[in-house]
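Contents: one structure, followed by commentary.
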Amino acid sequence: MTTVPSAHDVLVVDSLVRRFGDLTAVDGVSFRIAPGETYGLLGPNGAGKTTTISMIAGLIAADSGTVKVAGQRMTPATTEPRRHLGLVPQELAIYPELSARENLTLFGRLQGLSGKALSARVEEVLELIGLADRAKSLSKEYSGGMKRRLNIGIGLLHQPTLLILDEPTVGVDPQSRNQILESVEALSADGMAVLYTTHYMEEAERLCDRIGIIDTGRLQAEGTRDELIRLTGGVDTIRLSGSGDLAAAAERLRALEGVERVEADRRTATLTVRDAPVLVASVVGTVAGSGVTLADVEISRPDLESVFLHLTGKALRD
Amino acid sequence: MNGGAAGGLRNALTVAGVELRLFLRDRSNIFFVFVFPLLLVLMIGAQFGDSATAGRVAVAGADGGLRTQLVAELEDEDVVVSDPEWDAALELLARGRLDVAVRVSEAASAAHDAGEPVVLEVVRGSAATAQVVEQQVRTATEAVRSSRGQVLALTDRGVPADRAAAALDTAREGVEPPDLEVTNVDELSQQFEGLGQFDLGASGQLLLFTFLACLSGSATLIQARRLGVVARMLAGPVSTAQLIAGQTLGRWAIGLFQGAYIMVATSVLFGVSWGNLAPSLLVLAVFSLVAAGAAILLGTLLGNEGAASGAGVGLGLVLAALGGSMLPRELFPDTMRTVSNVTPHAWAYEAFAEIQRRGGGLVDVLPQLGVLAGMATVLLLLGAWSLRRSLARAM
């Protein structure tokens, strides 16, 4: 997979390789993220997402390849590019014996904030993550969702250019999960570049402008959702069922423009079509004109799960 | 880097501040830091200190001048004197609660008053110290006899008895006895000369608890690693060196606080003398640095807090025992004394011995300080290397 870096890209990852003994955990991964763009790294557990992030964050060295954050080379020895980076690790990387305010203040200081600017920013983030009224409580007393929000708040504290979220919704209840996704959408709308790793297809589809599909350490494909879906052939499925003879209507259905294939018996029919939402009205009209009373119409469009299956031959959650 | 050297220092101080805050929030430290060390100093002082070695004598029998003078002479020799009935005194002897029992009969008391020969019944116990105490009784008896003889000599010359006794008392007070500088030929006794009752226990417990207080911090480093806090810090503008410096500074401050607290508390409560204060504090500071380095290394090598707590306490106790904090190194066989030099406790023990017992100054403890500083450097370098390695392992 090739990328064409722009001078303004917040993150440029070029041919990263990292081996642990005989295992190549990351194998030639390249991608870039532009300002305000949310890039999803989608792959199953063990695909190499966290190792890739660890190299981007300068926590471990790459065996080969380079990472540039805001135009500056990132390695474990360089600290300057880290000012532009906010990391929200998969673990709850907070001190349980400290309150939310104390945790935020600590990490704010380490990011170089101080004095009134630090205090003001801490209060701002407490409001943002909805913990202002529990700011003094020890974080070990928080619910799972509150801890997750604090975990994200620490990453946002110094207003980074690039925010890295490593599976931020793992183990979170649906309500908190939705809050987190809304926060990411808001940050992206404010112009922050976001690198979002997940193995949840729905999150990647909802949040990400572009998606990289990673498996066994390799970036298998990259692009917008529609670009990726086109890799599967881009065909939709319409399933019909009803009373009357659907098999008799099959010939008329095959004649419709955009219909590629029809398989039918008396009660059901399955159509392979291009752009089902546009075509469905014509299909329903044709069937009704053939004397069939429809009981059910179901449209299936290819999703990222289909893409992953198509690219790797296995399901995303295998 | 976070603003160059100033930023680095700021980062280190921030990390150290968190360590101190976590330490102070742990309520179990109230007992283990403030109460437990002093209890052990008290117990060891009671076992090995002065009162345990003072002679114990019972003087039973008739009241009178002989008994009164004998008790006064014994008490002048710091002997603990009691006055049970004779049968009770014999039972106490048999149980080992007395060293010597003396019976003053009516006949002996009367003979003493008359200036005639006196016979006292003395029974010695079986304790190792009883022979020494018997000698103290003999010396006291001789002093009583001598005093009585002097009074009789004066009354024979026509001096009234009360004036004769007063004149002898005045003479005794007016003549300063010669000061004796006694050198003990026993090498072991020489080693402990100059120590007060609680001094030895206090320095041993200071080393034991300072090291333990630091090692207990290895659990907080493991928790920070396990939770991803360390990785998060290092993903910001914080270098590994700054993180290690902060962790070390925090542990070091905790160790220093623990040691200084034991110094002040034992000095106030038990009258422990720490000798020349400046070198004593320097030894404590460098020893705490070694302990902080050991805590960092342990915190990067082990994977969970439970294991670290167990290993920390175990390691702390073994090193303290080997280094002379529980049994004085002077009592070790030669081979064990040599082996114990691998522990920082042994070097700090020797430094405190030099300062407390022999009035040593900074120059006298430089060799020990040098070795301790070397140990701290090696442990901190290993800790930094191990922390980076543990991060790579966690990916």
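Each chain gets a letter, A, B and so on, in the order its sequence line appears, and its residues count up from 1.
For a heavy-atom cut-off of 4.5 Å, chain B lies close to A:Asn151, A:Ile154, A:Gly155 in residues 150-161 of chain A.
For the set B:Leu227, B:Leu22, B:Thr220, B:Thr14, the entry with the most heavy-atom pairs within less than 4.5 Å of chain A is B:Leu227.
With salt bridges taken as basic N to acidic carboxylate O contacts below 4.0 Å, one links B:Arg21 and A:Glu102. Using a cutoff of 4.0 Å between basic side-chain nitrogens and carboxylate oxygens, B:Arg226 and B:Glu305 are scored as salt-bridged.
Between B:Phe257 and B:Leu20 the shortest side-chain heavy-atom distance does not fall below 4.5 Å. Side-chain contact between A:Ser99 and A:Ser137 is absent, with no heavy-atom pair separated by less than 4.5 Å.
To the nearest 0.5 Å, atoms SG (B:Cys214) and CD (B:Glu19) are separated by 11.0 Å.
In terms of the salt bridge (charged side-chain N to carboxylate O under 4.0 Å, His left out) criterion, A:Glu127 has no residue partners (sequence neighbours excluded).
Of all heavy-atom pairs between B:Met326 and B:Ala321, the closest is SD-CB, 3.7 Å. For A:Tyr200 against A:Thr198, the heavy-atom pair with the smallest separation is N-OG1, 2.8 Å.
Looking at A:Leu87, both its backbone and its side chain come within 4.5 Å of chain B, counting heavy atoms on both sides. Neither the backbone nor the side chain of A:Ile56 comes within contact range of chain B, judged by heavy atoms closer than 4.5 Å. Residue A:Thr105 does not touch chain B at all, counting heavy-atom pairs closer than 4.5 Å.
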